[in-house]
Student: 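What follows is a single structure, and I will ask about it in a moment.
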Amino acid sequence: MTTKFGFTLMTVSEFKTWIAQQNVARTILFIQQHHTFAPNYRHFKGNNHFELQRGMKNHHVHNNGWSDIGQHFTIYPDGMIATGRSLERSPACIFGNNNHSICIENIGFFDTGEDQMLPEQQDAIVQVTAALCESFRVPVSTDRIVYHHWFDLGSGARTNGSGSTKSCPGTNFFGGNKVTHCQQNFLPLVSAALNDTIVTAIPPALIEYGSVTANTLNIRIAPDASSSRIGQTSLGAIIRIYKKNGNWFKISQSKEEWVFGNFVKPVQRATVNANVLNVRSGPSTRFNRVGAVVENQEVFIYEQEGNWSQISLDEQWVSTKFLDLSN
């Protein structure tokens, strides 16, 4: 494991140990798979991982105007994994669908006739995805492990590949970029890597979910403002609450991680029960359609007004009758 330019480069074995030790307050529901297109195999020289990672960050910051590199992890042709953006921050990878996601960028151009994925990279993609599923309780399904190709570039609506989309992660990514390709070729490998571990969506002993209302919120080792700070989470992050001690909330099931509850607002988790549910800019059909969510997609309700629910900190509203509330 080595660090340079603010990034850490790891083997698959090192990654599994590292991810299990991370203290992440943000609730993760989705894992995104992408290919980089450029840089690709022609640019990889076997020892320039950090230089390529720095180049992508510079492009994202200076050309795209983002605050940081877009992805959380980059997987290289030799199977090495580089860290990117903080896990406490949403990625900048799929328009309209970055909340509650982890983004994986796989170095290469995996359309048919282009880069042929090496076995080392293929294994790393599977193992990293499985480790993330286990760490963040993400079920192995196409509702939760998603390809960029499945989302419309203009609206962010999930179309499963129709309309205006990218080919990303490639028309030959594990045999194809369609939902059926993922189900038949990719997800069985991820399930096998989990060694038959069944990942359930909602952790046991969970009391409720909450949204952070402060710009930054300290995570402490005990329910006391004088205890050591071990991390921070940010405005809008959805955190899991396992225990309460006065005004303090425990946000990890297995570790001592506490936040001050005065800066946390309760939210309700829900699942979409319509084939396609319009997202509007306000709580009425009079407001413009700004996107869509699809059946089985999970969302969080921040506010309710009449028969409408706000599912984002910005103005994104859906009809409540098409949501099934989680217990």
Side-chain angles (χ1 to χ4, degrees), residues 1-24 26 28 30-64 66-94 98 101-110 114-136 138 145 148 168-170 173-174 186 189-190 193-194 230-232:
M1 184 181 296
T2 56
T3 299
K4 189 176 181 180
F5 305 143
F7 307 114
T8 299
L9 189 67
M10 296 172 274
T11 65
V12 168
S13 177
E14 290 170 335
F15 176 83
K16 290 180 177 180
T17 300
W18 178 87
I19 194 65
Q21 296 172 344
Q22 298 307 298
N23 301 312
V24 181
R26 187 170 69 100
I28 306 300
F30 309 102
I31 299 172
Q32 303 175 2
Q33 295 288 348
H34 301 258
H35 69 179
T36 53
F37 176 73
N40 54 49
Y41 274 35
R42 294 176 180 86
H43 304 99
F44 181 62
K45 303 182 186 306
N47 60 358
N48 62 336
H49 308 78
F50 289 115
E51 287 71 22
L52 291 178
Q53 195 78 347
R54 181 176 61 176
M56 285 185 284
K57 178 177 179 177
N58 287 340
H59 179 79
H60 292 169
V61 172
H62 299 299
N63 291 70
N64 296 357
W66 302 342
S67 61
D68 198 355
I69 191 170
Q71 67 264 33
H72 294 109
F73 302 107
T74 306
I75 301 180
Y76 284 83
D78 59 356
M80 297 295 287
I81 304 110
T83 60
R85 170 179 297 227
S86 166
L87 286 170
E88 290 293 359
R89 301 181 60 201
S90 296
C93 293
I94 301 180
N98 290 312
S101 295
I102 286 180
C103 171
I104 301 172
E105 285 281 3
N106 302 297
I107 294 291
F109 180 17
F110 298 121
E114 300 297 337
D115 294 333
Q116 185 65 41
M117 187 184 292
L118 292 174
E120 295 85 353
Q121 186 176 27
Q122 177 174 312
D123 181 66
I125 294 170
V126 170
Q127 295 295 334
V128 166
T129 303
L132 292 171
C133 287
E134 185 169 17
S135 291
F136 298 107
V138 177
I145 298 173
H148 195 175
C168 176
F173 181 82
F174 286 84
F186 184 57
L189 298 175
V190 176
L194 282 165
I230 55 175
Q232 287 185 317

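In this text, all values refer to a predicted model and were calculated from it rather than measured experimentally. Reckoned from all heavy atoms, side chains included, excluding hydrogens, waters and symmetry mates.
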Student: I'd like to know if the side chain of Gln71 reaches the main chain of Pro91, judged simply by a donor and an acceptor atom lying under 3.5 Å from each other, with no hydrogens or angles considered.
Tutor: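 Between the backbone of Pro91 and the side chain of Gln71 there is no qualifying donor-acceptor contact (under 3.5 Å).
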Student: Could you tell me if the side chain of His72 sits less than 4.5 Å from the side chain of Thr83, heavy atoms only?
Tutor: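 Answer no - side chains too far apart.
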Student: Side chains of Ile81 and Trp18: does their closest heavy-atom pair fall under 4.5 Å?
Tutor: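 Sidechains of Trp18 and Ile81: no contact.
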Student: Quick check for you: to the nearest 0.5 Å, what is the distance between Cys133 atom SG and Ile28 atom CD1?
Tutor: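 That separation rounds to 11.5 Å.
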Student: Check Leu87 against Arg26 and note the closest heavy-atom contact, atom names and distance.
Tutor: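 Looks like O-NE, 2.9 Å.
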Student: Which pair of non-hydrogen atoms, one from Arg85 and one from Ile69, has the smallest distance, and what is that distance?
Tutor: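 Result for this residue pair: NE-O, 2.8 Å.
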Student: Which pair of heavy atoms, one from Ala82 and one from Tyr76, lies closest together, and at what distance?
Tutor: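 Ala82 and Tyr76 have their closest heavy atoms at CB-CE1, 3.9 Å.
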Student: Distance from His148 atom NE2 to His35 atom NE2, nearest 0.5 Å?
Tutor: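 Separation between the atoms: 9.5 Å.
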Student: Provide the closest heavy-atom pair for Val12 versus Gly79 in the form atom of the first, atom of the second, distance.
Tutor: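 Of all heavy-atom pairs spanning Val12 and Gly79, the closest is CG2-O, 3.9 Å.
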Student: Looking at Phe173, Phe44, Tyr41, Phe37, which one forms a ring pair (Phe, Tyr, Trp, His ring centres under 6.0 Å) with Phe109?
Tutor: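 Answer after filtering Phe173, Phe44, Tyr41, Phe37: Phe37.
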Student: Does anything in residues 43-58 pair up under salt bridge (Lys or Arg N to Asp or Glu O under 4.0 Å), and if so which pairs, sequence neighbours excluded?
Tutor: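 Listed once each, the pairs are Lys4-Glu51, Lys57-Asp68.
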Student: Give the minimum heavy-atom separation between Phe15 and Ala131, together with the two atoms involved.
Tutor: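 It is CE2-CB, 4.0 Å.
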Student: Step by step, work out the side-chain contact (heavy atoms from CB on, under 4.5 Å) result for Ser67 and Arg89.
Tutor: CA-CA 11 Å; Ser67 61; Arg89 301 181 60 201; 2.4 Å; yes
Student: What distance separates Leu52 CG from Asn40 CG, expressed to the nearest 0.5 Å?
Tutor: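 Reported value, rounded in 0.5 Å steps: 9.5 Å.
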Student: Going through the checks in order, is the side-chain contact (heavy atoms from CB on, under 4.5 Å) test met by Thr129 and Phe73?
Tutor: CA-CA 11 Å; Thr129 303; Phe73 302 107; over 6 Å; no
Student: Could you tell me whether a side-chain N or O of Asn106 sits under 3.5 Å from a main-chain N or O of Ile75, the two making a donor and an acceptor?
Tutor: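 No: the side chain of Asn106 does not pair with the backbone of Ile75.
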Student: Are Phe186 and Gln33 close enough that some pair of their side-chain heavy atoms sits under 4.5 Å apart?
Tutor: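 Yes, close enough: below the 4.5 Å cut-off.
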Student: Checking side-chain contact (heavy atoms from CB on, under 4.5 Å) for the pair Leu9/Gln53: CA distance, chi angles, key distance, verdict?
Tutor: CA-CA 10 Å; Leu9 189 67; Gln53 195 78 347; over 6 Å; no
Student: Can you pull out every salt bridge (Lys or Arg N to Asp or Glu O under 4.0 Å) where at least one residue sits in residues 6-24? Sequence neighbours excluded, please.
Tutor: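 Sorted result for residues 6-24: empty, none.
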Student: So how far is it from Asn63 CG to Asn58 CG, rounded to the nearest 0.5 Å?
Tutor: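 Going from CG on Asn63 over to CG on Asn58, the span is 9.0 Å.
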Student: Atom NE2 of His34 and atom SG of Cys93: how far apart are they, to the nearest 0.5 Å?
Tutor: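 If I round to the nearest 0.5 Å, the distance is 4.5 Å.
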Student: Check whether any side-chain N or O of His60 sits under 3.5 Å from a backbone N or O of Gly70 as a donor-acceptor pair, and report yes or no.
Tutor: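 Side chain of His60 to backbone of Gly70: a pair is present.
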Student: So do Ile19 and Val128 actually touch side chain to side chain, heavy atoms under 4.5 Å?
Tutor: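 No, too far: nothing below the 4.5 Å cut-off.
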Student: Out of curiosity, Glu88 CD to Asn23 CG, how far, rounded to the nearest 0.5 Å?
Tutor: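 If I round to the nearest 0.5 Å, the distance is 9.0 Å.
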Student: Compare every heavy atom of Ile107 with every heavy atom of Gln121, then report the nearest pair and how far apart it is.
Tutor: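 Closest approach of Gln121 to Ile107, heavy atoms only: NE2-O, 2.9 Å.
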Student: Should His49 and Asp78 count as side-chain neighbours, where that means a heavy-atom distance under 4.5 Å?
Tutor: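 Result yes, sub-4.5 Å side-chain heavy-atom pair found.
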Student: Examine distances only and state if a side-chain atom of Asp115 and a backbone atom of Met117 form a donor-acceptor pair shorter than 3.5 Å.
Tutor: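 No, because the side chain of Asp115 does not come within donor-acceptor range (under 3.5 Å) of the backbone of Met117.
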Student: Between Val138 and Leu132, is a side-chain contact (heavy atoms from CB on, under 4.5 Å) present by the stated rule, with each step listed?
Tutor: CA-CA 7 Å; Val138 177; Leu132 292 171; over 6 Å; no
